[in-house]
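Keep in mind it's a predicted model, so treat the numbers as computed, not measured.
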Amino acid sequence: MSTFRAIVFASVISGFVVGLLVTVVQQFGTVPLILKAEVFEKAAGAHHHDALAQPVAAGHDHAAHDHGDHDHGAGDHDHGGAWEPRDGFERNAYTAAANVLTAIGFALLLAGFFAVRSGATGTSVSWHEGLLWGLAGFAVFTIAPGLGLPPELPGVPSAPLLSRQIWWLAAVLATAGGLALIVFRRTVPAAISGVILLTLPHLIGAPDLANVETNVPSSLLHQFVTAVTVTSLVFWTLLGGLTSAVFARFDQRA
């Protein structure tokens, strides 16, 4: 029971701190790029709306379709009626809450591994080892799936969501299994099997669209991929090191 408390307390504390820190990092990295992409997305939507309206205006009376009868107020409904938080404090608050919850979830996973590891070795996991576990998480959850499905900005078409989720999960599981075979088994057959697992999802290939048409500049897409990767690296290194240090402190007290 004491180990369980150490896992929970370490995860909540580390996840809360790392989630807030990453939210600050995002305000200078990914958020400005997303806002720029949304400008292009809205411009493309307005252009598409005008293109649809021109044939109607050419053959029908505009009085039969008065746009003044419809409410297009911001904040009530947008993108087909889908709700979204208002820009500013509300949007940032939801982003921070999502980051904190995500960090706590991954910290629980890391702390569980730390508990198993310390129980097997009889020694606490150092922050150096926790940092390595964090880098492993970065490789599993960011690098491997990102090679096939890079981060996407608003306004960029993508393959169907279900197929992307299936491939992403397969890439994560294969990468985690491959690294585990290479690091923990340390035999030639295990290393070969691990390499096969690491490369298998990419040999199959991620789902993609044949033709992608977007008015979002390619330079903005490249900047976004770089910003997301750097932010994820900060997230995982902080989470691995901090979770291991806090868990070791609670575990020693227990």
Side-chain angles (χ1 to χ4, degrees), residues 1-34 85-146 151 165 168-169 171-173 175-177 179-180 183-184 224 226-254:
M1 196 64 185
S2 59
T3 302
F4 178 76
R5 284 198 298 267
I7 292 174
V8 173
F9 289 159
S11 301
V12 172
I13 294 174
S14 303
F16 185 78
V17 173
V18 173
L20 293 182
L21 289 177
V22 168
T23 301
V24 175
V25 173
Q26 288 176 337
Q27 299 304 311
F28 299 96
T30 58
V31 171
L33 299 177
I34 292 174
R86 295 182 177 87
D87 291 338
F89 175 79
E90 184 176 349
R91 186 170 185 171
N92 294 333
Y94 277 102
T95 299
N99 288 336
V100 168
L101 291 176
T102 301
I104 291 175
F106 281 124
L108 284 169
L109 187 64
L110 288 173
F113 287 135
F114 296 157
V116 173
R117 192 73 174 158
S118 62
T121 60
T123 58
S124 298
V125 177
S126 65
W127 70 269
H128 302 87
E129 189 174 355
L131 186 63
L132 294 177
W133 279 88
L135 292 175
F138 173 69
V140 169
F141 291 101
T142 301
I143 296 298
Q165 289 177 330
W168 185 91
L169 182 61
V172 167
L173 294 177
T175 305
L179 290 178
V183 174
F184 296 119
F224 184 68
T226 301
V228 170
T229 303
V230 172
T231 303
S232 180
L233 178 61
V234 172
F235 173 87
W236 280 106
T237 51
L238 288 176
L239 192 67
L242 186 59
T243 303
S244 59
V246 178
F247 173 78
R249 178 65 60 88
F250 281 107
D251 197 35
Q252 289 175 354
R253 291 179 179 178

Heavy-atom pair with the smallest gap, counting every atom of [X] and [Y]:
| X | Y | result |
| --- | --- | --- |
| Leu179 | Ala139 | CD1-CB, 4.4 Å |
| Ala111 | Ile7 | CB-CG2, 3.7 Å |
| Phe250 | Ala6 | CB-CB, 3.7 Å |
| Ala103 | Gly15 | CB-O, 3.3 Å |
| Thr3 | Ala115 | CG2-CB, 3.9 Å |
| Pro145 | Val172 | CG-CG2, 4.3 Å |

### Query
Yes or no on side-chain contact (heavy atoms from CB on, under 4.5 Å) for Val17 and Leu242, after CA distance, side-chain angles and deciding distance?
CA-CA 9 Å; Val17 173; Leu242 186 59; 3.9 Å; yes
I need the [X] [atom1] to [Y] [atom2] distance, nearest 0.5 Å.
| X | Y | atom1 | atom2 | value |
| --- | --- | --- | --- | --- |
| Phe16 | Ser11 | CZ | OG | 15.0 Å |
| Leu169 | Leu173 | CG | CG | 4.5 Å |
| Trp133 | Leu239 | CH2 | CG | 13.0 Å |
| Ile104 | Asn99 | CD1 | CG | 11.0 Å |
| Thr95 | Gln27 | OG1 | CD | 7.0 Å |
| Leu109 | Phe113 | CG | CZ | 4.5 Å |

### Task
May I ask you to check whether Phe235 and Phe138 place their ring centers less than 6.0 Å from one another?
no
### Query
Given Leu233 and Leu135, is the side-chain contact (heavy atoms from CB on, under 4.5 Å) satisfied, shown in steps?
CA-CA 8 Å; Leu233 178 61; Leu135 292 175; 3.9 Å; yes
If we ignore hydrogens and angles and just use 3.5 Å, is the side chain of [X] paired with the main-chain N or O of [Y] as donor and acceptor?
| X | Y | result |
| --- | --- | --- |
| Ser232 | Val228 | no |
| Thr243 | Ser14 | no |
| Thr175 | Val140 | no |
| Ser244 | Gly241 | yes |

### Message
Checking Phe141 against Trp168 for the side-chain contact (heavy atoms from CB on, under 4.5 Å) test, could you report, in this order, the C-alpha distance in whole Å, the side-chain angles of both residues, the deciding distance, and whether it holds?
### Response
CA-CA 9 Å; Phe141 291 101; Trp168 185 91; 3.9 Å; yes
### Message
Other residues, nucleotides and ligands only: do more than 12 of their heavy atoms fall within 6.0 Å of CZ on Phe184?
### Response
yes
### Message
Set out, in order, the CA-CA distance, both residues' side-chain angles and the distance that settles side-chain contact (heavy atoms from CB on, under 4.5 Å) for Val31 and Arg91, then state yes or no.
### Response
CA-CA 11 Å; Val31 171; Arg91 186 170 185 171; over 6 Å; no
